[in-house]
Amino acid sequence: QVQLVESGGGVVQAGGSLRLSCADSGRTFSSYHMGWFRQAPGKEREFVAAMKWSSGGTYYDDSVKGRFTISRNNAGNMVYLQMNSLKPEDTAVYYCAADYSGRYYYSRKSSNYDSWGQGTQVTVSS
């Protein structure tokens, strides 16, 4: 069974950085579109960033634009979310997601993604 696995979360002070990683335990990410989402306590899951696999193009929510970067490795089996200048409001559980249909690049809708990781906690202290 295909499973996404996130890692890299933790506790960091405001202004600090973290890099989240996402691996597909079953296969490489070739031809899939990838996304990162987050969910804070008491809030709905929200879109953070997405990557169009064929071109490597990226798309960000305005709240993280200029601070976060989604990327992949050359082997195509890891996706990253580099988070800089972190703020307390970035505190959430972060999830990576894959669109295996290849139809929904840059999608902000969680329902357009087929597979999800278990999430990794990011806590930013003030």
Side-chain angles (χ1 to χ4, degrees):
Q1 182 176 353
V2 174
Q3 182 177 356
L4 302 179
V5 180
E6 303 100 335
S7 61
V11 180
V12 63
Q13 288 189 333
S17 299
L18 283 174
R19 189 176 81 156
L20 306 183
S21 300
C22 177
D24 186 328
S25 63
R27 49 187 161 179
T28 65
F29 290 126
S30 60
S31 80
Y32 309 152
H33 304 307
M34 299 298 298
W36 284 96
F37 288 74
R38 66 186 180 187
Q39 188 166 18
K43 295 188 177 181
E44 293 188 353
R45 190 170 298 187
E46 64 178 14
F47 170 80
V48 174
M51 171 174 278
K52 185 179 181 182
W53 206 253
S54 56
S55 66
T58 57
Y59 171 64
Y60 300 92
D61 184 78
D62 286 346
S63 65
V64 306
K65 197 176 296 181
R67 300 188 298 122
F68 290 11
T69 303
I70 184 173
S71 64
R72 63 189 179 193
N73 66 347
N74 290 334
N77 57 4
M78 295 290 292
V79 175
Y80 306 101
L81 185 67
Q82 177 67 43
M83 305 185 295
N84 299 328
S85 302
L86 282 162
K87 305 175 181 180
E89 51 264 42
D90 294 319
T91 296
V93 177
Y94 283 72
Y95 300 89
C96 68
D99 163 30
Y100 294 131
S101 74
R103 294 181 291 176
Y104 302 112
Y105 64 90
Y106 300 163
S107 176
R108 301 178 62 95
K109 294 179 61 176
S110 58
S111 60
N112 286 338
Y113 293 85
D114 306 290
S115 183
W116 293 80
Q118 81 288 351
T120 185
Q121 177 70 48
V122 171
T123 302
V124 184
S125 61
S126 58

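- If you chain together hydrophobic residues whose side chains sit under 4.5 Å apart, Leu4 and Val93 never meet in one group.
- At least one side-chain heavy atom of Ile70 sits less than 4.5 Å from a side-chain heavy atom of Trp36.
- From Tyr94, atom OH reaches atom CD of Gln39 across 12.0 Å, with rounding to the nearest 0.5 Å.
- The shortest heavy-atom contact between Asn84 and Gln82 is OD1-NE2, 2.9 Å.
- Note that CZ of Arg38 is 8.0 Å distant from CD of Glu89, once rounded to the nearest 0.5 Å.
- The shortest heavy-atom contact between Ala14 and Ser126 is CB-CA, 4.4 Å.
- Side-chain contact check for Tyr105 and Asn112: no donor-acceptor pair (N or O, by modelled atom type) lies under 3.5 Å.
- To the nearest 0.5 angstrom, Ser110 atom OG is 11.5 Å from Glu46 atom CD.
- Here the straight-line distance linking atom CZ of Phe37 with atom CZ of Phe47 works out to 6.5 Å at 0.5 Å rounding.
- In this structure the side chain of Leu81 reaches within 4.5 angstrom of the side chain of Val48, judged on heavy atoms.
- Between Lys65 and Asp62 there is a salt bridge, since a side-chain N of the basic residue sits under 4.0 Å from a carboxylate O of the acidic one.
- Note that the CZ atom of Arg108 and the CG atom of Asp61 stand 4.5 Å from one another [nearest 0.5 Å].
- Among residues two or more places apart in sequence or in another chain, the ring-ring contact (aromatic ring centres under 6.0 Å, His included) test is passed with Tyr60 by none.
- Atom OH of Tyr100 is separated from atom CG of Asp24 by 4.0 Å, given to the nearest 0.5 angstrom.
- For Asp99 against Ser101, the heavy-atom pair with the smallest separation is OD1-OG, 2.6 Å.
- In this structure, Tyr95 and Glu6 have side chains that are in contact, with non-hydrogen atoms separated by less than 4.5 Å.
- The aromatic rings of Tyr59 and Tyr106 sit tilted relative to each other, their planes meeting at an angle between 30° and 60°.
- Side-chain atoms of Val79 and Trp53, non-hydrogen and from C-beta on, do get closer than 4.5 Å to each other.
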**Item:** side chain to side chain contact (heavy atoms under 4.5 Å, CB included) assessment of Tyr80 paired with Thr69
**Value:** CA-CA 8 Å; Tyr80 306 101; Thr69 303; over 6 Å; no

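- Nearest heavy atom pair, residue Gly35 against residue Tyr113, reads N-CE2, 3.7 Å.
- Screening Leu20, Val11, Thr91 for a side chain to side chain contact (heavy atoms under 4.5 Å, CB included) involving Val122 leaves a single residue, Leu20.
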**Request:** Assess whether side chain to side chain donor-acceptor pair (under 3.5 Å) is satisfied between Tyr104 and Asp114, documenting all intermediate values.
**Result:** CA-CA 11 Å; Tyr104 302 112; Asp114 306 290; over 6 Å; no

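- The closest donor-acceptor contact from the side chain of His33 to the backbone of Lys52 lies at 3.5 Å or more, if one exists at all.
- Nearest approach of Met34 to Cys22, heavy atoms of both residues: CE-SG, 4.3 Å.
- The two atoms that bring Ser55 and Arg72 nearest to each other are C-NH2, 4.4 Å, heavy atoms only.
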